[in-house]
Amino acid sequence: MDTAPTPAEVTAVPASTGRPYVLLSCATSIDGYIDDATEQRLLLSNDEDLARIDAVRAGCDAILVGAGTVRCDDPRLVIRSEGLRRTRVARGLAPSPMKVTLTARGDLDPAARFFTVGDAEKLVYCASPAVDKTTELLDGLATVIDAGDPPAPDVVLADLAARGVRRLMVEGGGTVHAQFLGAGLADELHLVVAPFFVGDCRAPRFVGDGRFPWHPGRRARVAEVRQIGDVVLVRYALSERCDAG
Ligand SMILES: NC(=O)c1ccc[n+]([C@@H]2O[C@H](COP(=O)([O-])OP(=O)(O)OC[C@H]3O[C@@H](n4cnc5c(N)ncnc54)[C@H](OP(=O)(O)O)[C@@H]3O)[C@@H](O)[C@H]2O)c1
């Protein structure tokens with residue numbers, strides 16, 4: 001059962017230096033698109049890879065997606081495998097990790113599966129001006145946290161750390177991935193490449209234009225390359241924490 005926000009919880013979160021280990025996960029087409037331009041969700045991974053993602057999720061304390069992904073994909077963000085859920089419970093954890101989203105506008109549908117599926121705790125980091133509206137809209141379905149204006153990823157991470165999140169999986173979309181990458185707040189990137197092209201510039205790419213800590217003069221380190229059925233997983237180590245993680 002989720003906890004409704006109390007007035008004490010709906011206050012600006014403090015910045016601090018501690019942050020969880022941050023693992024970014026994304027699937028793209030060969031030409032770097034993370035979706036197509038249609039209303040329907042584009043399936044990029046295959047079943048074997050989705051099972052791998054399930055296991056990676058199960059090893060995390062929280063899963064974060066942007067409000068755009070909640071609106072577009074309506075993801076459940078729960079552990080699908082009964083065995084993985086049981087293992088988590090045996091370790092004293094909730095069956096599925098905490099769900100986390102970020103919003104500036106607060107325009108979230110309370111009927112979205114993010115809020116309605118599973119018993120995991122749900123956190124909504126919200127820009128200050130939209131906190132009251134969002135708290136009312138979600139009516140106890142999630143804890144709405146004032147994350148400042150505009151909310152900054154490092155502030156969100158510090159608050160998650162204070163709530164006991166040691167390992168965070170960020171599952172997109174592109175806007176959110178770009179912020180964590182651009183701010184140098186990612187320890188590891190799992191990039192899955194599906195064996196087809198989208199070929200439509202109206203579709204979203206993994207990240208848009210920006211300045212990133214990894215560029216031709218500072219190349220990221222490949223930690224692993226793995227073929228999973230017809231897709232390829234590349235694991236990039238983006239910080240020195242990656243090996244220890
Ligand atoms: N292939 C994959 O692995 C994968 C994974 C996930 C998603 N996707 C695709 O990605 C697309 C969605 O990506 P997107 O870039 O549009 O959306 P997104 O990154 O999921 O979410 C962007 C939204 O998040 C909120 N947000 C982000 N940063 C914020 C901040 N610092 N402070 C406050 N709010 C913040 C804003 O919400 P408000 O608008 O509410 O203010 C913003 O519009 C969809 O097509 C989806 O299918 C693909």
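Remember, it's 1-based here, ligands and their atoms both numbered in the order they're listed.
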### Message
With respect to Ala67, determine whether any N or O atom, backbone or side chain, lies less than 3.5 Å from an N or O atom of ligand 1.
### Response
yes
dist Thr143:OG1 -> Leu123:CG (nearest 0.5 Å) comes out at 5.5 Å
A student checking ligand 1 against Asp35 at a 4.0 Å heavy-atom cut-off should list atoms 44 (C), 45 (O), 46 (C), 47 (O)
shortest atom 40 (O) of ligand 1-to-protein heavy-atom contact is with Thr103 OG1, 2.6 Å
Note: Phe114 and Asp74 closest approach over all heavy atoms is N-OD1, 4.3 Å
In this structure, atom 39 (O) of ligand 1 is nearest to the protein heavy atom Arg71 NH2, 2.7 Å
In this structure, atom 35 (C) of ligand 1 is nearest to the protein heavy atom Leu102 CB, 3.8 Å
Please confirm whether Arg41 approaches ligand 1 to less than 4.0 Å, judged on its heavy atoms.
no
Restricting to heavy atoms, the pick from Gly66, Gly174, Ala104, Pro151 nearest atom 30 (C) of ligand 1 would be Pro151
among protein heavy atoms, the one nearest atom 28 (N) of ligand 1 is Gln179 NE2, 2.6 Å
* Asked: Counting both backbone and side chain atoms, is some N or O of Ser25 under 3.5 Å from an N or O of ligand 1?
  -> no
Note: ligand 1 atoms sitting under 4.0 Å from heavy atoms of Leu44 are 1 (N)
For Cys26, the ligand 1 atoms with a heavy-atom partner under 4.0 Å come out as 3 (O)
* Taking both backbone and side-chain atoms of Arg105, is any N or O found less than 3.5 Å from an N or O belonging to ligand 1? -> yes
If you scan protein heavy atoms around atom 48 (C) of ligand 1, the nearest is Ile34 O, 3.4 Å
Paired with Leu64, the side-chain contact (heavy atoms from CB on, under 4.5 Å) test is passed by just one of Val100, Leu77, Leu24, namely Val100
Indicate if Phe212 and Phe180 have the same hydrophobic cluster label, given that clusters are the connected sets of ILVMFWY residues with side-chain heavy-atom separations under 4.5 angstrom.
-> yes
Q. Within the distance-only criterion (no hydrogens, no angle test), does the side chain of Asp36 pair as donor or acceptor with the backbone N or O of Leu42 below 3.5 angstrom?
A. no
Taking atom CZ of Arg221 as the centre, report whether more than 12 heavy atoms of other residues, nucleotides or ligands fall under 6.0 Å from it.
yes
Min over Val207, Val155, Val124, Thr175 of heavy-atom distance to atom 22 (C) of ligand 1 lands on Thr175
CG (Leu233) and NE2 (His190) are apart, to the nearest 0.5 Å, by 6.5 Å
Worksheet entry | Tyr236 atom OH, neighbour heavy-atom count above 12 within 6.0 Å | no
Heavy atoms of Arg167 and Leu23 approach each other most closely as NH2-CD1, 3.5 Å
Would you say ligand 1 has an N or O under 3.5 Å from any N or O of Ala152? no
Under 6.0 Å from the CD atom of Glu136, do we count more than 12 heavy atoms belonging to anything else shown? no
Checking heavy-atom distances from atom 18 (P) of ligand 1 to each of Pro75, Ala203, Ala130, Gly173, the winner is Gly173
Would a distance-only check, ignoring hydrogens and angles, find a side-chain to backbone donor-acceptor pair under 3.5 Å from Glu240 to Cys242?
-> no
Does an N or O from Cys72, backbone or side chain, lie closer than 3.5 Å to an N or O of ligand 1?
no
The option among Ala27, Ala127, Pro204 carrying the non-hydrogen atom nearest to atom 3 (O) of ligand 1 is Ala27
- prompt: Does the protein put any heavy atom within less than 4.0 Å of atom 9 (C) of ligand 1?
  reply: yes
**Prompt:** For Asp73 and ligand 1, does the shortest N/O to N/O distance drop below 3.5 Å?
**Reply:** yes
The closest protein heavy-atom partner of atom 7 (C) of ligand 1 is Thr69 OG1, 3.2 Å
min-distance protein heavy atom vs atom 23 (C) of ligand 1 -> Gly68 N, 3.5 Å
- N/O donor-acceptor pair under 3.5 Å between Lys99 side chain and Arg76 backbone: yes
Among non-hydrogen protein atoms, atom 6 (C) of ligand 1 lies closest to Glu171 O, 3.0 Å
- Between the main-chain N or O of Arg241 and the side-chain N or O of Asp187, is there a donor-acceptor pair closer than 3.5 Å? no
In this structure, CZ of Arg71 is separated from CG of Asp109 (nearest 0.5 Å) by 10.5 Å
